[in-house]
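A short write-up of the structure that comes next.
These figures come from a predicted structure and were not determined experimentally. Letters go in sequence order (proteins before strands), and every chain restarts at 1.
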Amino acid sequence: MTPLIDARKVRYRYADGTLALDGVDFQLFERETVALLGPNGSGKTTFVLHLTGLLHGEGIIRVCDLAMSKKNLPKIRARIGMVFQDSEEQLFLPTVLEDVAFGPRNLGLSPEEATRRAKLALEQTGMEEAAARAPYHLSAGEKRRVALAGVLAMSPEILVLDEPTTFLDPPAERDLVRLLRELPQAKILVTHDIPFARALATRAVFFEKGKIAGHGSIDDVVRRFQWEI
Amino acid sequence: MHYLVLERWSRGDSSFHRLDARVKIAALLLYLVAIATTHPFRWSAFAAFALLVLSGVIAARLPLGGMLLRAAAVLPFTATFAAISALAGDTDAAFRLLARSYASALGVLLLAASTTMPALLHAASSLGFPRILVLVLQFLYRYLFVVTDQAQRMRSAALCRGSALRRGAKRERFRAASGVLAVLFARSYEKAQGIERAMLARGFDGRIHLLSSPRLAWRDAAFLGLAASATLGLRFLLTISA
């Protein structure tokens, strides 16, 4: 089976000389949900930024059988949707509907089709009633849902969620788990939240000092790296 | 916060709000040119131009007092030059400067308070404004919210820890404020990077594509005709009456 994401020997050094990724090999298959665990600064977010072409290091990355290159970037970004840790960074248009339609419009869809997709994504995330509201008036949980809707409206094949439970209260986190379970896309979850990862992920990968130090089932990885309170 | 008030006002639902942003920009440009070229610019000219804008303020159902007050934000800048003119003995020039800048600010404020920023930028882009300028304005608009939000959080955090921002000697307060500013700059840079990444990840190509592509309607043309004839007529009358 061809993996949706195939990353080989990915290396990345920040401008200040810090080696953030040191030969990461990673694969993601259809319908899989993988949790990326590990300490702060271990390279998890740097790695997922490579998958959307927002950072460029050494190594080979293929997304949905497309080689990571400048030419393929628009196609890759249409297939891999990223929800950032701070949802506020993702929301910037005056209304929720316009914001969710931002991605589909960038795909070249007509305003009518973009609106249809945006409405559908808002319905999927239970935010259809907020369509006319200003994004900065929403609660943290609602902002997260709208940010997710903004990505879903682009109909990606892969979802990447960076620390999706930050700022969420337990009911909002529970709602997010329920929502993510219903979504058919393959998912990568960058998280420190083990109950959340346990509720969703089929396997876990542990990052340490820019390398993958181990992988396996969530319980295995948590036990091996003593990754629970 | 001023920009939040403007943002709220700009989302109003009056017939003035619903006018195409392009005709509002065109009308504003005519108005500004008329103000700049009307000689002599006396009280009567100031009052006539101000009335013209205020009729727009009423049509847009915007708060009159709030608009007059916010337009005065431009005065501290021009007052400096007006004071220099007045000290040099040219009080007429001082008045002209203040009156022209205030009347112009009122016009610009009416446009900003009756048009959403994305619609304004979209209109500017379709009127052929340089793309780089429109892009810079787009980001400025986006980052304005981020920077002020960040500044407020940092201020609260500093005050909670007994910072000298609110008390102490002037020098101490200045030092505390400049320290906060330096950190704010660094944090804003990081935030801006995050926003840029989030936009790129959703396929941002340098332009914001709106959901509705506005088309000029007969009422837009009628408004432009009315605004142009009122502005140019006023300028003509003021010039011949002098």
Side-chain angles (χ1 to χ4, degrees), chain A residues 45 48-49 51-55 73-95 97-119 131-137 147 150-154 156 160 162, chain B residues 1 3-13 17 21 112 115-122 135 137-150 152-153 186-215:
Chain A
T45 298
V48 293
L49 289 176
L51 303 179
T52 43
L54 293 168
L55 287 179
L73 264 185
K75 286 182 196 161
I76 288 175
R77 286 179 181 157
R79 285 170 169 80
I80 181 163
M82 182 152 178
V83 180
F84 288 78
Q85 184 177 4
D86 186 352
S87 302
E88 246 168 17
E89 287 176 357
Q90 214 167 311
L91 311 172
F92 57 93
L93 282 172
T95 67
L97 183 70
E98 283 170 286
D99 206 285
V100 175
F102 173 76
R105 287 290 282 137
N106 288 333
L107 291 178
L109 299 178
S110 67
E112 295 75 27
E113 178 58 15
T115 307
R116 193 191 65 77
R117 282 221 202 169
K119 284 182 176 167
R133 287 170 68 189
Y136 51 80
H137 287 156
V151 167
L152 290 178
M154 296 174 79
V160 179
D162 191 2
Chain B
M1 209 96 58
Y3 74 89
L4 277 179
V5 170
L6 265 187
E7 170 82 11
R8 200 177 65 235
W9 286 352
S10 72
R11 306 203 65 77
D13 193 31
H17 281 84
T115 320
T116 61
M117 189 54 99
L120 208 54
L121 294 172
H122 197 258
L135 201 62
L137 285 172
Q138 272 172 353
F139 278 99
L140 186 70
Y141 169 68
R142 176 65 185 99
Y143 294 156
L144 195 65
F145 285 83
V146 174
V147 173
T148 41
D149 191 41
Q150 193 77 43
Q152 269 171 352
R153 276 188 223 168
R187 283 199 187 172
S188 303
Y189 178 77
E190 274 174 27
K191 273 269 177 196
Q193 208 173 30
I195 292 166
E196 190 208 9
R197 281 178 179 163
M199 291 174 88
L200 288 175
R202 286 203 286 162
F204 180 62
D205 61 358
R207 269 174 300 181
I208 291 184
H209 309 273
L210 289 185
L211 275 182
S212 51
S213 306
R215 283 197 197 129

Heavy-atom neighbours of B:Lys191 NZ exceed 12 at 6.0 Å: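 Yes, enclosed.
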Flag, side chain of [X] to backbone of [Y], donor-acceptor distance under 3.5 Å:
{"X": "A:Gln90", "Y": "A:Phe84", "result": "yes"}
{"X": "B:Arg202", "Y": "A:Met154", "result": "no"}
{"X": "B:His17", "Y": "B:Thr116", "result": "no"}

At a heavy-atom distance under 4.5 Å, which candidate from A:Thr52, A:Ile80, A:Asp99, A:Leu97 has the highest pair count against chain B?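 Result: the option with the highest number of such pairs is A:Asp99.
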Structural part of [X] lying under 4.5 Å from a heavy atom of chain B:
{"X": "A:Glu112", "result": "neither"}
{"X": "A:Leu73", "result": "neither"}
{"X": "A:Leu91", "result": "backbone"}
{"X": "A:Val100", "result": "backbone"}
{"X": "A:Asp162", "result": "neither"}

For B:Asp205, is there an ion pair with A:Arg77 - N to carboxylate O distance below 4.0 angstrom?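 No, this pair does not count.
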So which of B:Met117, B:Arg11, B:Glu196 has the biggest tally of heavy-atom pairs under 4.5 Å with chain A?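 Of B:Met117, B:Arg11, B:Glu196, B:Arg11 has the most heavy-atom pairs under 4.5 Å with chain A.
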Short side-chain donor-acceptor distance under 3.5 Å, A:Ser110 and A:Glu113: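 No - no donor-acceptor pair under 3.5 Å links their side chains.
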